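So the structure is just underneath, and the comments pick up after that.
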Amino acid sequence: MSNITTPKVNQGDSKHLYTVIVLGASGDLAKKKTFPALFGLYKNKYLDQNTHIIGYARTKMDQTTFEGHVSKYIKLKTEADKATLQRFLKLCSYQDGQYDQDKDFQNLEKHIVEVEKASGSTARLFYMALPPSVFIPVATSLKKNNYHSFEKDGILTRLIVEKPFGMDLESSRKLGRELGALFNEDEASYPSTHCLAVIYRIDHYLGKEMVKNLMILRFANVIFGSVWNRQSIDNVQITFKEKIGTEGRGGYFDEFGIIRDVMQNHLLQILSLVAMEPPVSLSAEDVRDEKGLSNIVNSSSSPTYQVKVLRFIPPIVKENILLGQYGKSEDGKEPGYLDDKTVPHGSKTPTYAAATLFIHNDRWSGVPFMLKCGKALDQQKTEIRIQFKDVPGHLFTGLSRNEIVIRVQPNEAVYVKMMNKEPGLGMKTIISDLDLSYSSRFNDSVIPEAYESLILDALNGDHSNFVRDDELDAAWKIFTPILKTIDHGEIDPIPYAYGSRGPKGVGEFVAKHGYTRGEQAYVWPLHSEAGQDAAGKDQRVEKKSN
Ligand SMILES: NC(=O)C1=CN([C@@H]2O[C@H](COP(=O)(O)OP(=O)(O)OC[C@H]3O[C@@H](n4cnc5c(N)ncnc54)[C@H](OP(=O)(O)O)[C@@H]3O)[C@@H](O)[C@H]2O)C=CC1
Ligand SMILES: O=C1O[C@H](COP(=O)(O)O)[C@@H](O)[C@H](O)[C@H]1O
């Protein structure tokens with residue numbers, strides 16, 4: 001594990017040994033992310049070496065098949081890793097059952113109790129790697145059959161819930177109410193007891209190294225802190241691109257579309273960390289107060305309201321949105337979105353979206369925040385691009401604007417585009433960069449997977465990087481009206497070819513909101529496909545010496 005982040009093991013709950021129960025264990029998320037993350041934590045000794053993992057789903061599987069499912073996406077680099085995997089698999093077991101049958105959850109309970117007796121575990125982490133349609137039946141069954149009071153039985157319960165948290169404001173509130181009736185939102189409200197199960201709403205982007213780095217970049221550097229406002233910044237872009245389409249998930253995706261899949265959650269969470277005011281402290285509630293909604297602060301006589309960043313963002317309007325849907329690749333080899341048989345004929349669901357949001361507060365008034373995301377594009381990347389205003393006056397010509405780029409993935413980096421004197425005689429300006437590329441600066445460090453980091457936080461009882469219900473409410477208020485318009489088929493997505501840069505008009509869209517391409521050509525060296533393919537190896541040196 002990384003020497004960039006050095007989390008403490010079981011901080012706050014060190015007396016608890018957990019049993020982890022993965023519901024939906026037969027699924028895509030469980031095999032691709034949850035089990036590999038649990039293995040990563042186990043391998044690096046962030047999980048107690050006696051932590052048992054129980055899979056639960058409807059599919060019937062014997063132990064060998066389950067072990068194959070658990071290990072399919074686990075990357076083994078050394079012989080020692082192989083031996084560790086064998087030890088890890090001995091801690092994994094599987095139980096099949098329906099999601100709404102008490103008797104099946106009672107069987108699960110028997111199995112958990114056996115495991116607890118054998119291991120001495122006193123805490124349960126339930127991980128719901130399930131489609132949202134079964135969140136409530138499963139949470140209800142768990143509460144009825146598998147929940148114990150800490151005070152009475154000495155068993156601590158935590159529950160991780162995956163996105164999507166609803167389809168719109170109304171359904172998100174309904175889900176929140178129903179879940180809230182079963183489990184708690186917040187441990188801090190019940191400090192003395194620890195007796196109620198607590199919900200952790202996961203948005204895995206909050207576990208990404210560079211997203212977590214935003215707080216430090218912003219609030220631990222005077223040089224950034226003092227220019228992080230409308231006086232200096234012209235526009236901000238937050239971009240998510242994926243090379244793959246909806247392969248295998250078309251049916252699921254069509255219900256949601258790219259805005260609900262990526263923009264309303266991952267990109268908005270990044271925006272709130274880029275734009276929020278400094279929190280009072282790094283405590284979970286102080287950080288989430290700044291990102292989220294209003295919070296009544298008790299004063300002796302009258303309450304005061306702290307107003308927070310998402311509340312300053314009005315709903316997105318039709319003029320500030322651009323949608324796309326991918327078709328076949330230009331060579332015809334890759335299928336278009338509508339070629340997927342699980343996608344309804346003639347679907348208008350967007351697989352690409354660009355939207356501009358404004359934050360009407362003193363810091364950001366007038367600064368466009370452009371969120372862009374799409375599937376089946378030319379490259380994979382997530383980045384935050386903060387573009388500064390033009391240099392005033394006429395001392396120099398042909399200048400490009402300064403930009404701070406935070407490359408979330410791949411090839412984690414922070415680089416600042418800046419003007420420099422071209423070396424040699426004369427006073428010619430040249431665009432260059434201050435480049436903190438992790439592959440060269442921290443090349444002996446391993447960056448933890450987002451899910452490793454977040455599961456560890458949940459085990460440690462740290463809510464800071466999870467989504468609170470009022471944040472969710474604020475997020476849905478921004479998106480629900482435009483989503484209704486889209487769901488009614490009122491905006492036609494612009495077609496784009498699989499593997500292209502996206503729909504025509506994206507360049508004009510960002511230009512309309514102020515993004516300016518400089519006169520001088522600039523390519524961040526690791527931006528190239530070659531750089532991406534060699535993730536972890538710095539291509540710059542080769543490029544510069546060529
Ligand atoms: N896959 C991914 O990359 C990501 C997924 N997520 C979220 O994680 C959750 C799980 O995703 P994912 O693993 O892809 O989902 P899957 O479609 O693979 O579903 C997980 C399991 O749930 C059961 N299941 C599927 N459909 C239904 C249904 N209609 N009714 C009851 N049970 C069903 C199946 O198990 P069985 O039939 O054996 O019971 C399946 O193996 C979702 O909320 C998703 O949005 C979030 C981020 C990324
Ligand atoms: O939540 C989701 O995220 C993934 C992208 O995650 P990443 O960590 O690989 O960037 C996306 O593919 C998926 O559609 C979405 O549901």
Side-chain angles (χ1 to χ4, degrees), residues 33 160-166 168-169 172 175-176 185 199-219 228 236-242 256 258-279 282-293 295 308-313 315-316 353-359 364 369-373 381-386 406-409 412 448-451 453-455 457-458 462-480 483:
K33 304 282 189 186
I160 295 184
V161 186
E162 269 289 346
K163 69 166 240 300
F165 311 118
D168 52 23
L169 183 60
S172 158
L175 185 62
E185 174 66 23
I199 303 170
Y200 290 78
R201 286 195 191 84
I202 215 164
D203 180 316
H204 76 280
Y205 266 64
L206 291 177
K208 295 208 182 254
E209 183 66 25
M210 298 308 285
V211 175
K212 290 170 90 172
N213 192 23
L214 279 167
M215 292 279 282
I216 294 185
L217 278 180
R218 287 196 55 198
F219 302 126
W228 212 267
V236 178
Q237 289 185 67
I238 303 173
T239 306
F240 165 101
K241 285 180 157 204
E242 245 179 4
F256 295 93
I258 194 75
I259 296 181
R260 291 184 176 98
D261 193 45
V262 171
M263 191 186 275
Q264 181 272 349
N265 35 68
H266 304 328
L267 299 195
L268 195 69
Q269 283 294 337
I270 295 179
L271 178 149
S272 61
L273 287 166
V274 170
M276 73 186 204
E277 296 301 314
L282 290 180
S283 81
E285 296 320 317
D286 284 338
V287 173
R288 299 192 307 175
D289 277 352
E290 288 306 332
K291 286 158 66 190
L293 199 62
N295 181 38
K308 310 302 170 189
V309 71
L310 294 180
R311 262 193 104 201
F312 286 107
I313 305 178
I316 299 163
T356 303
L357 285 66
F358 291 93
I359 306 171
W364 295 115
F369 281 74
M370 292 169 260
L371 308 185
K372 299 183 293 163
C373 48
K381 76 165 180 187
T382 303
E383 69 172 29
I384 304 156
R385 183 173 295 271
I386 296 158
I406 298 151
R407 170 63 82 115
V408 176
Q409 65 185 29
E412 290 82 353
E449 286 295 325
Y451 277 95
S453 163
L454 292 173
I455 292 173
D457 282 351
D462 181 352
H463 254 109
S464 328
N465 293 309
F466 292 85
V467 183
R468 202 169 66 182
D469 64 344
D470 56 357
E471 258 180 285
L472 205 54
D473 215 74
W476 280 120
K477 279 185 181 155
I478 297 167
F479 283 93
T480 296
L483 283 167

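All figures in this text were calculated on a predicted structure; none of them were measured in a lab. Positions are given from 1 along the sequence.
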Item to complete: Give a yes or no on this: more than 12 heavy atoms of other residues, nucleotides or ligands lie within 6.0 Å of atom CD of Q409.
Response: yes
Practice item. Decide yes or no for R218 and M276: does some side-chain heavy atom of the first lie under 4.5 Å from some side-chain heavy atom of the second? Key: yes
CZ (F219) and CG (L282) are apart, to the nearest 0.5 Å, by 9.5 Å
Taking every heavy atom of Y205 against every heavy atom of T382, the minimum-distance pair comes out as OH-OG1, 3.5 Å
Across all chains, not counting sequence neighbours, the side chain to side chain contact (heavy atoms under 4.5 Å, CB included) partners of E242 are F240, I244, K375
(request) Check whether any side-chain heavy atom of F479 lies under 4.5 Å from a side-chain heavy atom of L268, and answer yes or no. (result) yes
For G207 and K212 the tightest heavy-atom approach is O-CD, 3.8 Å
To the nearest 0.5 Å, atom CG of L310 lies from atom CG of L271 at 7.0 Å
Taking side chain as C-beta onward, heavy atoms only, is Q269 less than 4.5 Å from E471? yes
Rounded to the nearest 0.5 angstrom, the CG-CG distance for L273 and L214 is 5.5 Å
| said: Within the 4.5 Å heavy-atom criterion, are N465 and S453 side-chain neighbours or not? | reply: no
- Task: Show the numbers, then the answer: is there a side-chain contact (heavy atoms from CB on, under 4.5 Å) between V467 and L206?
- Result: CA-CA 9 Å; V467 183; L206 291 177; 4.2 Å; yes
### Note, R201 side chain near D469 side chain (heavy atom, < 4.5 Å)
yes
- Task: Could you tell me how the ring of Y200 sits relative to the ring of F466: parallel (under 30°), tilted (30 to 60°) or perpendicular (over 60°)?
- Result: perpendicular
Side chain to side chain contact (heavy atoms under 4.5 Å, CB included) filter on S172, not counting sequence neighbours, yields L472, W476
When every non-hydrogen atom of C373 is compared with those of L267, the smallest separation belongs to CB-CD1, 3.9 Å
For A354, the side chain to side chain contact (heavy atoms under 4.5 Å, CB included) test, sequence neighbours excluded, returns L322, Y352, K372, F509
Across all chains, not counting sequence neighbours, the salt bridge (Lys or Arg N to Asp or Glu O under 4.0 Å) partners of K241 are D378
Would you say N213 and I406 make side-chain contact, with heavy atoms under 4.5 Å? no
For I199, is there any backbone N or O sitting under 3.5 Å from a side-chain donor or acceptor partner on H463? yes
Can you find a heavy atom in the side chain of K381 that is under 4.5 Å from one in the side chain of R407? yes
Side chain to side chain contact (heavy atoms under 4.5 Å, CB included) filter on K163, not counting sequence neighbours, yields F165, D261, N265, H266
Under a 4.5 Å cut-off applied to non-hydrogen side-chain atoms, are E209 and P448 in contact?
yes
For F256, the ring pair (Phe, Tyr, Trp, His ring centres under 6.0 Å) test, sequence neighbours excluded, returns Y252
When every non-hydrogen atom of V408 is compared with those of I384, the smallest separation belongs to CG2-CD1, 4.3 Å
In this structure, NZ of K33 is separated from CG of L454 (nearest 0.5 Å) by 11.5 Å
Rounded to the nearest 0.5 Å, the CD1 atom of I259 sits from the CD1 atom of I316 at a distance of 6.5 Å
Value for OG (S464) from CG (D286), rounded to nearest 0.5 Å, stands at 10.0 Å
Here the pair of heavy atoms bringing V274 nearest to W364 is O-CZ2, 4.0 Å
